[in-house]
Amino acid sequence: MANSVSIRKLSLSFGAVTVLKDLNLDIRDGEFIVLLGSSGCGKSTLLNCIAGLLEPTEGQIFIKDRNVTWEEPKDRGIGMVFQSYALYPQITVEKNLSFGLQVAKVPKPEIDKRVARAAEILQIGPLLKRRPAALSGGQRQRVAIGRALVRDVDVFLFDEPLSNLDAKLRSELRVEIKRLHQSLKNTMIYVTHDQIEALTLADRIAIMKNGVIQQLDDPIAIYNKPRNLFVAGFIGSPSMNFLRGELIETGGKTVFRTNGVDFSLDGYEANGPLAAGRQVVLGLRPEHIGIDQPEADRELHQAVVDIEEPMGADNLLWLKHAGHTMSVRIAGARRYAPGSQVRMSFDMRLASLFDAQTEDRI
Amino acid sequence: MANSVSIRKLSLSFGAVTVLKDLNLDIRDGEFIVLLGSSGCGKSTLLNCIAGLLEPTEGQIFIKDRNVTWEEPKDRGIGMVFQSYALYPQITVEKNLSFGLQVAKVPKPEIDKRVARAAEILQIGPLLKRRPAALSGGQRQRVAIGRALVRDVDVFLFDEPLSNLDAKLRSELRVEIKRLHQSLKNTMIYVTHDQIEALTLADRIAIMKNGVIQQLDDPIAIYNKPRNLFVAGFIGSPSMNFLRGELIETGGKTVFRTNGVDFSLDGYEANGPLAAGRQVVLGLRPEHIGIDQPEADRELHQAVVDIEEPMGADNLLWLKHAGHTMSVRIAGARRYAPGSQVRMSFDMRLASLFDAQTEDRI
Amino acid sequence: TDLEVTHWWTSGGEAAAVKELAKGFDATGNKWVDGAIAGSGGTARPIMISRITGGDPMGATQFNHGRQAQELVEAGLMRDLTAVAEKGKWKDIIKPASLLESCTINGKIYCAPVNIHSWQWLWLSNEAFKKAGVDVPKNWNEFVAAGPALQKAGIQPLALGGQPWQATGAFDTLIISLGGKDLYMKVFKDKDAKAAAGPEMAAIFKAANEARKLAKGTNVQDWNQATNMVVTGKAGGQIMGDWAQGEFQLAGKKAGTDYTCLPGLGLNQYLTAGGDAFYFPVLKDKAKSEAQDKLAETIVDPKVQVAFNLKKGSLPVRGDVDLSSANDCMKKGLEVLAKGNILSSTDQLLSPDTQKQKEDLFSQFFANESITPEAAQKRFADIIASAN
Amino acid sequence: MAPHSSAGRPSQLFKNLNSKIALIPMMLVALVVFLGGTVWTVVYSFTRSGLLPRLSFVGLDQYERLWAAPRWIISIQNLAIYGILSLIFSLVIGFVLAALMDQKIRFENTFRTIFLYPFALSFIVTGLVWQWILNPEFGVQSIVRSLGWSTFEFDPLYNSDIVIYGILIAGLWQGTGLVMCLMLAGLRGIDEDIWKASRVDGIPMWKTYVLIIIPMMRPVFITTLVLIASGIVKVYDLVVAQTSGGPGIASEVPAKYVYDYMFQAQNLGQGFAASTMMLVTVAIIIIPWAYLEFGGKKRG
Amino acid sequence: MANISTLNSTAAGFDAVSPQVAGPSGRKPRKVLSRRNIILYGLLIVAALYYLLPLYVMIVTSMKGMPEIRMGNIFSPPMEITFEPWAKAWASACTGLNCDGLSRGFWNSVRILVPSVLVSIAVASVSGYALANWRFKGSELFFSILIIGAFIPYQVMIYPIVIILRELGIYGTLTGLVIVHTIFGMPILTLLFRNYFTSLPEELFKAARIDGAGFWQIYFRIMLPMALPIFVVAMILQVTGIWNDFLFGVVFTRPDSYPMTVQLNNIVNSVQGVKEYNVNMAATLLTGAVPLIVYFVSGRLFVRGIAAGAVKG
Ligand SMILES: Nc1ncnc2c1ncn2[C@@H]1O[C@H](COP(=O)(O)OP(=O)(O)OP(=O)(O)O)[C@@H](O)[C@H]1O
Ligand SMILES: Nc1ncnc2c1ncn2[C@@H]1O[C@H](COP(=O)(O)OP(=O)(O)OP(=O)(O)O)[C@@H](O)[C@H]1O
Ligand SMILES: [Mg+2]
Ligand SMILES: [Mg+2]
């Protein structure tokens, strides 16, 4: 498949601060890529480089195999949606949508057609005559998307478009964006620090840290096979439980030992041989720990409930075990009072093991 | 049990706009009450009335059975924590904590003792000499809680204390607040519009809409037995699926029919007799719908996957069925491509039925 | 006792004259605290009036004698000097009597006149006329005739500062010198609007029209800057009061050889006897009140009168002083005085309000040639008609 | 159940008494000085007060005379010309400078200080310097002439027809720095994303300024307008220092008319009538605007 | 699983699959003298010259002797630098009988400036704070009157104020003058402070009230420390305004406490023979020195403060 956006050895510094370091990224045609990372890791900076709003210090950017590194934003065939909506406040929604086209001297009937189409797709027809101030947050963001839509661009860039909305609207608009992508099939690059958005929307997620892409993979792989400790800890809420310990050889088998408690590693698919004596971190996701569900082939660990957090559909337990506090997610119907004793079981096929030094998955 | 806070016929208007209407609320000693509602419903206004920062137009407020309606905030035995932390920016954390005590002319040794205790409880000892600007969001909020803590108050008021924090910190501090309540056993009134917070923290939740309390109940009851359509729709993410239809008598049984498709109501515990012909709304939570899980006693409905939203631990499916789009939550491991056919089953014991006119649960 | 005295005498000649007053007053064992405010009476008077009405008056203050302080006196804010005057026999010594009259309200004397100022002088630079190759004119008409020659030589014929009172003064001078005593009295004393609108006045306006053409391009504000143009030969002449004399003197010029002065513009030799007077606000402090009396005495003291007026270029208020040291111009003035060709000044005849309106009219008239003499005369007549 | 005692609402007057005490100076100034002084002025504008206020009413005489006085008419005209031009030019120059300063330039501090420093100087100083620079004998005119254009004429302060523009030059020199500062602060408050959005949309810079940024800066423009306008109404010192109203009465302004007639002409009634007319003009302009701007707005 | 790869090799992998496209790499050759920069800095420099011209003329003239001024043009630099005009302006220029230049007025100005600035800012900041945080019925009405008051020319108000001060018996005293400055500074300053305090988070105020702090405690211990930027703005406005004031200084005081501007006016307006432009310019610069220094020192804070307080409606 052709690449829609290619980034080659991109670096960017603000004075002495290097924000992006030698970054490479290939995005396929029609792909939905999410850039995920904590605040300040350079997501917006990368997006602004792609848009042409920032000039890279080094490297090149290709859109549709054309080197656009020094082109003006308007010539790159991109549309961009901002967290703060960035609507022009003093003109109507309609003018907001058509402004770019008017400036580009698109003929009036064509403008009208495109605005009408965008309004239909985004269901903002009744709002066209209003000013942005008279719109709700969700409506504003829809208009902002519409502004990119009317320009008929190859690549959509979203910079945390939903961060300013409340939870309910956020999930609604998430679905709409997903639907939009399914029907338009444009390339979309989407910046967020909300992992739910990343997981639900992305074809592939690029996890960034300090201006470097840590892992670029599809959501399932990122969730289940995080490449390193950072990715593992970053994705998932509540976080993956991390137990520091070492690999020990007992009875011909390699087990994980932490604070004197052993965990069988049966079922774990390691990338290579697991040498005894290695300092490692065992990662267990809260939903991959069973409670009071004795299954034939799993060992059981005794633990005490510290805190219970019922969340409606689910129930989150914080358990004390071997000197750690572990979070466990179970179905909402099952309740445990603080202080009660439970037995945990672990599905090692879904666990992750990391080297304690390099922090890479092993 | 004695009432800690009692609100009697409280009304409050700003000019022509009535924000609170004839509101009554009794909060027991040591209870953790969460006020939940969408933006602008009057939660903060109510909290400010209790704190004495706003004067009610009508009605009275009692704290510890004392009429405090016209008392100054400082005399009410309350402490308050704000969304924006509201730390005094120009003085150190320590002075922030001791400010109220100094104003109240508490002797110095006593101040030191209380500050030390609060710092210990909240683990902010090392921060005492810093200014708020040098703290992270989570630390700031801890200090803000500490400021209420040192004043040894009867009632803690929280106004969306965690809204400004990112997801990770939010869940951490949530646990801490829960722990704090378990150890202090003070009365706490907590405003939020995050339902996860409400569900995990509250002893009882008061759901507000337009200045009126819709339902006051414990979290499980609110989640499973919402009193009306508003509460049902408000709680749960994604929202409960609502199907509009009517009750039909077939084969001696009352069933629910929508767009020509019948749903057995076996297992539903109605508040009264279910008269046929009544226009109703059937509410089904996404996690209460089974997918491809044929169980003996349940009927199966055929549906098509519209959109799939993998969220790591869970997988959210949007299904097309009988002219409706329904969301269904299943475990994350199970994947369904858009377009695939699935069979749904419903657990009617966990469903809700509402009258279409009054919108109340039936 | 310290006594604060406010005045607006700040030009070189004026300041030198004030020093004489101060010296005389200090010699009585009191102390003159100088409160000069620069920028002419227009700037200074509001400040003085505010302070007097505000209840924090100075010890003594300069006003032009005439009607400027009338209301303050009527409001009882000014000290009655009748006792001092009687003691000093002012009635007998002060000449002309009209000076003391304008200090007298309801039979009581409220001010001590310092000097006599007359407006009706034409000051000419001998050097300038030499350069232009014409004789020094002997009267206004010759001056006007010499105008083109001066202009050709790159010399400003008539210097006229931009401050409104200068234009007004120049015009009033034209009335007396060209129109004569009767016209002047009819218009200003009797407020005869018909006369003001009449043909005699029309002739004056014509003359003023010529004057403004000659004055065009002066481009200075202060009167003494204009005088300085005459002193340095940049301008041919200036219509200005006798105080201009002080500037010539300060520059070391000699009357007759370096410059020429023509009282009454060399035509009708009438002078107005206006001038400055000191008023003494009512003070609560007894010691100060006594010092005020002392100052009043000092002001009319013959020695002080001579010293002051020689420096200032004005005439003394008493006829019994020895002015042998007076120069050529002053002597000419004294001659006119002796002839009794004395008129009251406009400050004495007209209210400040009317004066202000006149100033507005004439400053505009002299600055803006688009106002025809006829239009200006009509407005002048209106002002006279409503004058009080 | 809590006991049902219904203690009534305590008196509103003594609630937060300290805040009311603290506002006493402001209330006194507003009521006694501004309101009281205004009423007093208006009342005495109907009298024949000379040097001292006297309650001898003469009806509208003072106003009739006022509107018949050529000087007053010229003053009003001058104020209108000066006001409108100074508003337009201050806003335009201030905004353009601010926009230039907002281009991430080097030496921003230096430039800003240069533009702002005249604001620190008094009108006396400003007037004096510009009087000096605009003087035809040794100022700009003579310099240009000495360079060869011997017919060059630039003597605004000595030409009745354009003197008000000469005053304007000095006024702008002094005031635009502050306007620039306000505008710059406003520009800095604009969401950066708006700029990005307009670049992505391909909207040219000047169009973005004119059609998007300026409308967004409404509050800044209003603050600026209030500041400039209140300065314009008061313009006095500048005229006195530069021309004293001359040549003739060509550069007279209303505030000067008021002052001159109150003290020099010793005709308080006339001065008060002129004051009242100024107040009325201000009120006509300000009150509707203030009503629109502050009337409905409440703290959120 | 065999796809263990370090991050570097990930990058290398991308390179391998990428299309080989020719194009510029590295930094775009950027001209320092781009057309945009020429226009931008050109305009700024031209504007700067216009603003600097008068200052240049003042400085140059103040250092020339009178003969040179009479001959040369005002823009030419002094051939012979002399500081005599400065000395004269400061110490020996005459007005009336007093020949001690500006020096006499300097300390008077300071004596007027300090209490006037302090009192006016104190009163206005408290008023602004009360208006922002302790509103009551009618407080906005007073405020509106005050704002309209900002448009009243000073000259109009002189007479009523003379009467008010006379009735209070403080006409001509320093107290009276301080009050006058406070009154006329009040509208704009109160507006600034009110806007600034309104822009502070209301929660801070609420938190302090819950902590039990009263009106003054909140003002002094919470608001005051946070209001530095706006205090700087107010300070600058008042220092320049009061220092440059002539009218009130001369109307509401006595000669022995006339501020420096009165001396300046006297020096500039009392012409002894010819105008001594060099002395005038030196006097002008000396008089303007205090506010100018204040600007140069705190100009940056000024802009910050303006952004914080003035711009928000
Ligand atoms: N104009 C600038 N000058 C200097 N540093 C900058 C500039 N813009 C961004 N940075 C720095 O670059 C880093 C990356 O910023 P960027 O906005 O790309 O982060 P981000 O990942 O988008 O964060 P967020 O999630 O908060 O939006 C940050 O450390 C930021 O401080
Ligand atoms: N001072 C005020 N004047 C007028 N209306 C007000 C004022 N304060 C609040 N309101 C209105 O009262 C209503 C309730 O406000 P409140 O702040 O209590 O809502 P909330 O439930 O806390 O919302 P949020 O979740 O956004 O904080 C809103 O419609 C708001 O516009
Ligand atoms: Mg960002
Ligand atoms: Mg709220």
Given the options [options], which has more heavy-atom pairs under 4.5 Å with chain D than any of the others?
options: E/G288, E/S139, E/A150; answer: E/A150
options: E/I45, E/L55, E/V239; answer: E/L55
options: E/G214, E/A48, E/P54, E/A47; answer: E/P54
options: E/L237, E/L285, E/T61; answer: E/T61
options: E/Y129, E/W216, E/Y159, E/Y41; answer: E/Y159

Checking heavy atoms, do the side chain of [X], its backbone, both or neither come under 4.5 Å from chain D?
X: E/I164; value: side chain
X: E/L247; value: side chain
X: E/W243; value: neither
X: E/I179; value: neither
X: E/Y219; value: neither
X: E/L264; value: side chain

If every non-hydrogen atom of [X] is compared with every non-hydrogen atom of [Y], which pair is closest and at what distance?
X: E/A130; Y: D/S19; answer: CB-O, 4.2 Å
X: D/T41; Y: E/P160; answer: OG1-CG, 4.1 Å
X: E/Y50; Y: D/I169; answer: OH-O, 3.1 Å
X: E/V126; Y: D/A22; answer: CG1-CB, 3.4 Å

When rounded to the nearest 0.5 angstrom, what distance separates [atom1] in [X] from [atom2] in [Y]?
X: E/L40; Y: D/I105; atom1: CG; atom2: CD1; value: 6.5 Å
X: D/S230; Y: E/I147; atom1: OG; atom2: CD1; value: 9.5 Å
X: D/L23; Y: E/R135; atom1: CG; atom2: CZ; value: 11.5 Å

Looking at [options], which one has more heavy-atom pairs under 4.5 Å with chain E than the rest?
options: D/L100, D/I24, D/T110; value: D/L100
options: D/F115, D/F272, D/F111, D/Y259; value: D/F115
options: D/A170, D/P118, D/A274, D/P53; value: D/P53
options: D/R188, D/R106, D/M101; value: D/R106
options: D/T38, D/V33, D/T113; value: D/V33
options: D/I143, D/V129, D/T176; value: D/I143

Considering only heavy atoms from C-beta outward, does the side chain of [X] approach that of [Y] to under 4.5 Å?
X: E/F246; Y: D/F123; result: no
X: E/I183; Y: D/F34; result: yes
X: E/F142; Y: D/L31; result: yes
X: E/L146; Y: D/M26; result: yes
X: E/F151; Y: D/L279; result: no
X: D/L97; Y: E/Y51; result: yes
X: E/I188; Y: D/L227; result: yes
X: D/L116; Y: E/F302; result: yes

D/F263 versus chain E, the contacting section by heavy-atom distance below 4.5 Å: side chain
Residue part contacting chain E, namely of D/V258, when any heavy atom lies under 4.5 Å: side chain
Parallel, tilted or perpendicular: ring planes of D/W132 versus E/Y277, cut at 30 and 60 degrees: parallel
Validation row, ring centre E/Y295 to ring centre D/Y117 under 6.0 Å: no
Donor-acceptor pair, side chain of E/N244 and main chain of D/A120, under 3.5 angstrom: yes
